[in-house]
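What you see is a predicted model; the values in this text were computed from it and never measured. A note on names: the letters A, B, ... follow the listed sequences, proteins ahead of strands, and every chain is numbered from 1.
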Amino acid sequence: MASKFDLTPRIAPNLDRHLVFPLLEFLQERGLYPEEDILKAKIELLNHTNMVDYAMDIHKSLYRSDDVPQDMIDRRAEVVGRLKVLEDGAAPLIGFLQNPQAVQELRADKQYNLQMLNERYQIGPEQIDALYDYAKFQFECGNYSGAADYLHQYRALCTNNDKSLSALWGKLAAEVLMQNWDIALEELNHLKEIIDSKNFSSPLNQVQNRIWLMHWSLFIFFNHDNGRTQIIDLFNQDKYLSAIQTNAPHLLRYLATAFIVNKRRRPQFKEFIKVIQPEQYSHDDPITEFLACIYVNYDFDGAQKKMRECEEAILNDPFLGKRIEEGNFTTVPLRDEFLENARLFIFETYCRIHQRIDMGVLAEKLNLNYEEAERWIVNLIRTSKLEARIDSKLGTIIMEPNDTNVYEQLINHTTALSNRTYKIVHQLLENAPAQTAR
Amino acid sequence: MASRFWTQGDSDTEEEESDYDEQEDNVAVETTTATAASRYYSGNASDSDDSDGQKRVVRRVKDKRFDELSATVDQMKNAMKINDWVSLQESFEKINKQLGKVMRVTESDKPPNLYIKALVMLEDFLNQALANKEAKKKMSSSNAKALNSMKQKLKKNNKLYEDMINQCREKPELFEEKVEEQESEDDVESDTSEYPDNLESEESDDEEETGNDAETGSGWEKMLSKKDKMMDKQFKDPSQITWDTVNKKFKEIVAARGKKGTGKMELVEQLTFLTRVAKTPAQKLEILFSVVSAQFDVNPSLSGHMPINVWKQCVQNMLAILDILTQYSNIVVDDMVEPDENETQKGADFSGTIRIWGNLVAFLEKVDVEYFKSLQVIDPHTREYVERLKDEPLFLVLAQNVQEYLEKVGDTKGASKVALKRVELVYYKPQEVYDAMKKLAELDSGDAESGEEKVQEIRGPTAFVATPELVPRKPTFPENSRALIDILVSLIYKYGDERTKARAMLCDIYHHAIFDEFSTSRDLLLMSHLQDNVQHMDISTQILFNRAMSQLGLCAFRAGLVLEAHSCLSELYSAGRVKELLAQGVSQSRYHEKTPEQERLERRRQMPYHMHINLEFLEAVHLACAMLLEVPNMAANVHDAKRKVISKNFRRLLEMSERQTFTGPPENVRDHVMAATRALRHGDFDKAFTVIKSLDVWRLLRNKDSVLEMLKAKIKEEALRTYLFTYSSAYDSLSLDHLSKMFDLSDAETRSIVSKMMINEELHASWDQPTGCIVFHDVEHTRLQALAFHLTEKVTVLAETNERAMEARFGGGGMEGLPLRRKDGQDYAGAAASGGGGGRWQEFSFNQNRQGSSGGRGGYTISGRASAPGLASSGFSRDRQARLGRAYHTGSGARGGQSDGSARMVNLNRGVRT
C-alpha cells in the first residue's frame with residue numbers, strides 16, 4: 001500500500017497541533033486512509049485547541065448528523081468565556097498598540113519603553129504577560145494573523161527569555177499557517193540563531209529544539225522559491241545532521257530529495273552519501289535507498305525499481321507532492337524535477353563504468369523509449385555534459401576514455417613547485433638584509 | 001620404647017598418637033595400674049608443696065609438667081562452675097597437649113591419674129549439661145557450639161582411656177586422695193586465679209619469663225571470653241537489661257575491635273548477640289552496622305575473600321538493617337555527621353529523626369567486592385564455583401532493596417551507584433543466562449529463606465526489638481534483561497557521577513552488542529566520546545572498555561561488518577597482550593619482568609571465569625576479518641606492499657608462516673587462518689572457506705549457519721577482488737559470465753563488486769555492455785613514468801622542507817602554512833585521478849582532513865562519516881590510537897582536549913532515546 005511511505009505519523013509528533021492540519025488535509029485529499037479515520041484524527045486534534053466551531057463541523061460531517069455532543073457545547077461556552085477574560089486583561093495594552101500615535105512614542109530601547117508604558121499608561125508586566133496569553137489564545141482559536149501581530153508586539157516588549165522564545169515559535173507557526181513564507185523564513189533564521197547560541201539551556205533541549213525547527217522548516221522550504229538550497233544549508237550542518245541521525249532519520253528523505261533536485265550542491269552530496277549508508281538500518285525510505293543503489297551498490301536495476309517507488313512516495317508526501325494547478329492540469333513540479341535528475345544520476349554513474357552501452361538497454365534503464373533516449377543523450381553530448389559518441393548503426397554509445405595523461409599529471413604536480421620556490425627565494429631575500437643588519 | 005613415640009609427636013597429631021597409646025595401654029594397664037598410680041601420687045604431692053610458694057624456684061622438669069597439668073584442671077573446674085564451654089574446650093585441648101609432655105617426662109606409658117580424673121569429671125558435667133535442656137537454650141551461640149564440639153571430642157578421646165575411666169568410677173578413692181589435696185590448695189589460690197590462668201595459657205615449656213611477657217597479649221583473649229560469660233550472665237534476665245548496659249557493652253566490644261589478639265569471629269558473635277538484646281530499634285541498627293563491618297574484618301588480606309557463610313550472614317544482616325530502616329522511617333543513616341552519643345536511646349515511639357552513623361552504599365559495594373573476589377579465587381571448574389554463582393540473586397535482592405530504600409530517601413547519587421552494581425551483574429548475560437538466573441532466583445530464594453529463618457531461631461534468646469521482614473527477600477526481574485538494564489541505566493545517566501555514568505555506558509554498549517544491536521551500540525560508544533577519555537579513567541574501567549570494544553567487534557562480525565569488526569579488534573591484538581587487556585589471565589612478557597607487586601595487582605583485577613570472552617573465538621574473528629581486508633589489499637599493492645598495511649599483526653603472522661619450510665596441517669586458530677589466506681591469495685575461495693569453517697570455535701555462535709553463510713559470501717567477494725587485482729594485467733577483457741561462474745556469484749553481485757572497484761579506481765577497466773565484458777585499460781605506468789612520479793614526489797618534499805626551514809629560521813611562516821596546505825589538497829585531486837601515483841599525498845591530505853574535522857565537530861558526525869569505506873578505519877582507530885600505550889600505563893595521556901562535553905552527551909543521547 002502506498003501509505004507505507006507515509007511519514008505523517010513520524011513527523012506529526014514534532015509539529016504544533018495546528019501545523020498537523022495541512023498534513024491531514026493533504027492525506028484526506030490523497031485518500032490514502034479511510035476518510036473516517038482522518039476526520040476522527042482531526043477532531044482529536046481540535047479537542048485540544050479552541051477551534052470548537054470547526055470541530056463541530058467536522059463532527060457533523062463525520063457522523064452525518066446535526067447533533068453535537070454536549071461536551072463540545074460546554075467547551076465552546078468555556079472558550080468564549082475565557083476569551084473575554086483574556087481580552088479584558090490585555091485590553092489596555094492592545095488599546096495602546098492600536099493607537100498609532102502612541103506607538104510612535106516607542107523607541108528601540110526596551111527599558112525605556114517599559115518605563116514609559118508603566119509611567120504614562122499604567123501598563124506593567126502583568127498587562128504584557130496578558131498580551132502573551134491573549135495571543136496564544138487567539139492562536140488556539142485559529143486567528144493566526146491576530147496572534148502573529150500580538151506576538152510580534154509582545155516580543156518587542158517582553159524581557160523574559162523563555163517566553164520570548166515561545167512567542168517566536170508561536171509567530172513562526174502562525175506565519176507558516178498563513179503561508180507567509182518570506183516572513184516565516186526570517187523568523188526561522190532568527191529562531192535558529194537563538195537555538196545555536198551558546199547559552200541555550202541543556203544540550204538535550206537544544207537537540208530537541210533543532211529537531212522541531214527542522215520539522216517546521218519543511219513547510220517553508222518546500223514552498224519557498226529558494227527553499228531547496230536552504231534546506232541543504234540548514235540540514236547539512238554538522239549539528240543538525242547529527243540531530244537528524246540520532247532522532248529523526250526520516251528527515252533524511254527531504255534532504256536527499258533536495259540534493260537530488262539541486263544541482264549546485266554536488267560537493268556536499270558526496271559526503272551525504274556517506275551519511276546515508278550507515279543510517280539505512282534505522283530507516284528505510286525509497287529515496288535514500290535509491291541513492292544507496294546508485295552510489296553504494298551500483299545496482300542499476302534496483303535503482304530503477306526504487307525510482308518508481310520514489311515517484312509514489314513523492315506524490316504521497318505532503319511536502320514534496322505539492323500540486324500546482326495550471327488550467328486543467330495538475331502537475332507536481334517536484335516529481336518531474338526529481339525524475340529528471342534521478343535519471344541523470346543513473347546515467348552518469350552508468351557511463352562512468354562503461355565503455356560501450358546499448359541504446360535499447362539504456363532507454364529501458366532510464367524509463368524512456370528508444371527515440372527519447374537518443375534525443376536525451378544527443379542533448380547531453382551537445383551541451384558537453386557527456387563525452388561520448390553514438391554509433392547509430394550498432395545502436396550503441398561509445399564513451400571517450402577520460403584517463404588523464406601521465407605527462408599532464410606530472411606537469412600538474414610540478415607546476416606549483418616553481419612558484420613556491422620563487423616565493424621562498426623572494427622571502428629569503430627580503431629577510432636576509434634584516435638578519436645581516438642585526 | 002614407648003617414650004620414643006611420645007617424643008616424636010608430642011603435640012601435632014593427637015589421633016595417631018592415641019592409636020599407639022591404646023595398644024600400649026592394653027598391655028600396661030593390667031599390670032601396673034596400682035603401683036604407677038601410687039608413684040604419681042607421691043611425686044605429685046611433693047612438688048605441690050613447692051609450687052604454692054614463689055614461682056621463681058627452679059623445679060624439676062617433671063614437677064613443672066605436673067604443675068601445669070593440675071593448673072589446667074583447675075581452670076577446667078572454674079569453667080565448669082560458670083558453665084563456659086568455650087574456655088572449657090580450650091582447656092581440654094591444652095590438657096591433652098600437656099599430657100603428652102608429662103608422659104614424656106615421666107617416661108611412662110600411662111596417663112596420670114589427674115588426667116583421668118579430669119576426664120571423668122568432664123564427662124559427668126557434659127552429661128549433666130546435655131540433660132539440662134533449659135540451660136542449653138539460654139547459652140550464647142558460641143557457647144552452644146563449643147558444647148557440641150566438646151561432646152564429640154570427649155567421646156572420641158575417652159574411648160582411649162576407657163578402662164582407666166571405668167576403674168576410676170569404680171574406685172574413686174584411689175584417685176580421689178590426691179584430688180582433694182589439690183582442691184584444698186586450689187581454694188587458697190582461687191583469689192588470684194586469674195593470674196595462673198594466664199600463665200597456663202602460655203605454652204612455653206621452660207621459660208617462665210616469656211610467659212610473663214606474653215601475658216598481656218593472651219590476657220585479652222581470656223578477658224574477653226570471660227566477658228562473654230559475664231555477658232551471658234548479665235543478660236540472662238531480660239528484665240534487668242537497660243539501654244545503658246547494652247550501650248556500655250557495645251562500646252566495650254567495639255573498642256576491642258582491631259586490637260591485637262581480638263578474635264574476629266568472636267567479635268562478630270558477641271555483637272550478634274547484642275543485636276538481640278538491643279533495647280531500641282536505633283540501637284539495634286547501630287549494633288547491626290558494627291556487626292556488618294566486623295564481618296568485613298574477618299578476612300584481613302586483600303587478595304583472599306571473605307568466608308562464604310560469613311558473606312551470607314552479612315547479606316542477611318544488611319537485609320535486617322533495611323527492615324529496620326523501612327519500619328522506622330524516622331531513622332536516618334548518615335556518615336557525614338558524628339551522631340549524638342545518646343541518639344540511639346530514643347525508642348521506637350520517638351517521632352523525630354534519629355541519626356545513625358553508617359553508609360549503606362559503601363557496605364553494599366564492599367559486599368559486592370567480596371563476592372567478586374570469591375569468584376576470582378575459587379577454581380571455576382569446581383562445584384563450589386557453581387554454588388557460589390547461585391548466590392548472585394541473593395546479592396541482587398539486597399542491591400535492589402538498598403536502591404529502593406535510597407530512592408525513597410532521596411539519595412539518588414547513592415542509588416545510582418547501587419544501580420551500577422546491579423548493572424554490572426547483568427550486563428554480560430545473554431538472554432538465556434538471564435532467564436536461567438531469573439528462574440533460579442524464583443525457585444531458590446524461597447527455600448533459602450526458610451532455612452535461614454531456622455538458623456536464626458536456634459541462635460539465641462529472642463530479640464527485644466523484633467523487626468518483621470519488610471523488604472522483599474526475592475529479587476524481581478523484568479521479562480528480559482534489556483528492560484532491566486534500560487531502567488537502571490537511565491537512572492544512572494540521570495543521577496550518577498562521571499565514573500558511574502561511564503561504566504554504565506560501557507555496560508550498556510556491551511549489552512547491546514551481545515544482543516546483536518551493532519548500530520545502537522556503536523552510536524552509544526561514539527556519542528559518549530568514551531574512546532577519547534577512557535585512558536584517563538581507572539584501570540578497571542579501561543578493562544571494561546576493552547571488553548565492550550571486543551564485544552562490539554564480535555557483534556559487528558556477526559552482522560557482517562568486517563571492516564568495523566576489524567577496527568574494533570585490531571587495537572586489542574596490536575600488542576599481543578589480549579589476555580592482559582581483557583583481564584582474563586596473565587600474559588608473560590619476554591621483555592620486561594613484572595615485579596611481584598605488579599603481578600598481585602594484576603591478579604586482583606582479573607575477571608571471574610564466567611564473565612570471560614572466549615579468546616579463541618575472538619582471535620578467530622579478528623584474524624578472519626584481517627584476512628578479508630588484507631589479502632585484496634596486498635594484491636592491490638604488490639609493488640610497494642609496505643606502504644599500506646591494514647593489520648600489522650596479520651602481516652607479521654603471515655610472514656612467519658611463509659618463512660616456514662614446511663607447513664603442516666593447521667592446528668590452532670592462527671594456522672587455520674594462515675592456511676585460508678594462502679588459498680585466498682590464489683583465488684581459491686572454496687578451500688579458504690572450508691579451512692575457516694573447520695574451526696570449531698564457530699560453534700559458540702548462536703546463529704552459526706547464517707554467520708558462516710555471510711563469511712562465505714565475503715570470502716567469495718574478496719577472492720574475486722584479489723583475483724582481479726592480481727591477474728587483471730594479464731587480460732585484455734574478461735567476460736562477466738566467466739567471472740561469475742568462477743567465483744560462484746550471481747551476475748548482479750559480480751557486476752556490483754566490479755563496478756565498485758571501477759568507481760573507486762582500484763581497477764582500471766570499464767564495462768562493455770553489449771557483450772557483457774570487462775575491458776581493461778592499459779594505464780600501468782612504464783618504469784620511466786613511475787620513476788618520474790617518484791622524482792616529482794621527492795622534489796615536492798624538498799620544497800616543503802625548504803619552506804619549513806624558512807619558517808623555522810624567520811618564524812614568519814604562520815601564515816605561510818595555510819596556502820601550502822591548500823596546494824597539497826589540490827595536488828591530491830590530481831593524484832587521486834592518477835591512481836597509484838599519488839599515494840603519499842593521498843595519505844597526507846587524509847591526515848589533514850582528520851585533523852581539521854576532529855576539532856569542533858560533534859561526536860556523532862564522526863560516526864556518519866567513519867562508517868564510509870574510505871574513512872572508517874580512521875574514525876575508529878583515530879580515537880583509539882592512544883589506547884595502545886594507554887592500556888595500563890595511564891599517565892602518558894597523549895590526547896586530552898576533547899574530554900569536555902562528553903558526559904553531557906551521554907546524558908543527552910540516552911534521554912532522547914528513551
Side-chain angles (χ1 to χ4, degrees), chain A residues 202-204 206-208 211 238-239 241-243 245-247 271 273-275 277-279 281-282 295-302 349-350 352-358 361-362 394-397 399 401 403-404 406-410 412-414 416-417 420-421 423-424 427-428 431 434-435, chain B residues 519 523 527 748 751-752 754-756 758-759 764 766-771 775 777 779 781 785 788-789 792-793 795-796 799 802-803 806 809-810 812 816 820 823 826-827 830-831 833-834 837-838 856-861 863-868 870-871 901 904-905 907-909 911-913:
Chain A
S202 76
L204 173 64
Q206 204 168 17
V207 168
Q208 190 56 56
I211 299 276
D238 281 338
K239 283 172 192 161
L241 202 55
S242 59
Q245 284 173 315
T246 26
N247 281 0
E271 287 283 291
I273 298 289
K274 288 172 189 163
V275 177
Q277 212 181 347
E279 288 309 318
Y281 66 88
S282 56
Y295 288 101
V296 181
N297 302 325
Y298 304 100
D299 173 7
F300 298 101
D301 294 331
T349 321
Y350 200 72
R352 259 179 80 191
I353 55 169
H354 280 75
Q355 192 184 32
R356 208 150 58 101
I357 307 166
D358 188 85
V361 177
L362 189 65
L394 289 171
T396 54
I397 311 162
M399 303 293 147
D403 288 322
T404 40
V406 178
Y407 302 108
E408 213 173 294
Q409 284 175 35
L410 277 177
N412 274 340
H413 286 171
T414 42
L417 282 177
R420 274 160 75 178
T421 319
K423 236 187 192 159
I424 286 190
Q427 223 176 356
L428 195 66
N431 282 307
Q435 291 284 312
Chain B
S519 45
D523 287 356
M527 285 185 291
R751 189 184 285 276
S752 166
V754 176
S755 301
K756 217 179 279 182
M758 288 175 185
I759 294 273
H764 300 285
S766 52
W767 291 101
D768 188 55
Q769 196 255 332
T771 52
V775 180
H777 302 258
V779 287
H781 295 158
Q785 285 164 342
F789 273 112
T792 50
E793 222 171 275
V795 171
T796 318
N802 278 341
E803 275 162 10
M806 273 284 291
R809 189 94 173 85
F810 300 116
E816 221 71 22
L820 280 185
K823 247 171 251 156
Q826 285 161 356
D827 278 351
S834 79
R857 185 164 65 186
Y860 197 82
T861 35
S863 90
R865 275 142 218 194
S867 309
L871 280 161
R904 280 180 304 157
M905 283 302 278
N907 197 348
L908 171 159
N909 294 312
V912 170
R913 200 172 283 278

Where B/Ala788 and A/Leu410 come nearest, the two heavy atoms and their spacing: CB-CD1, 3.6 Å
Under 4.5 Å from a heavy atom of chain B, the part of A/Tyr407 involved: side chain
Reported CD-to-OG1 distance for the pair B/Glu803 and A/Thr421, which is rounded to 0.5 angstrom: 7.5 Å
Residue A/Thr396 versus chain B: region with a heavy atom under 4.5 Å: side chain
Evaluation steps, side chain to side chain contact (heavy atoms under 4.5 Å, CB included), between A/Leu417 and B/Val795: CA-CA 8 Å; A/Leu417 282 177; B/Val795 171; 3.2 Å; yes
Region of B/Ala748 in contact with chain A, defined by heavy-atom distances below 4.5 Å: neither
Shortest non-hydrogen contact from A/Gln355 toward B/Ser766: CB-OG, 3.3 Å
Chain B contact via A/Ile353 - side chain, backbone, both or neither, heavy atoms under 4.5 Å: both
CE on B/Met806 to CG on A/Leu428, rounded to 0.5 Å: 5.5 Å
Residue, of A/Ile397, A/Val361, A/Leu394, that accumulates the most heavy atom pairs under 4.5 Å with chain B: A/Val361
Distance-minimising heavy-atom pair for B/Lys756 and A/Val296: CE-O, 3.1 Å
Within-4.5 Å side-chain heavy-atom neighbours: B/Asn802 and A/Arg420: no
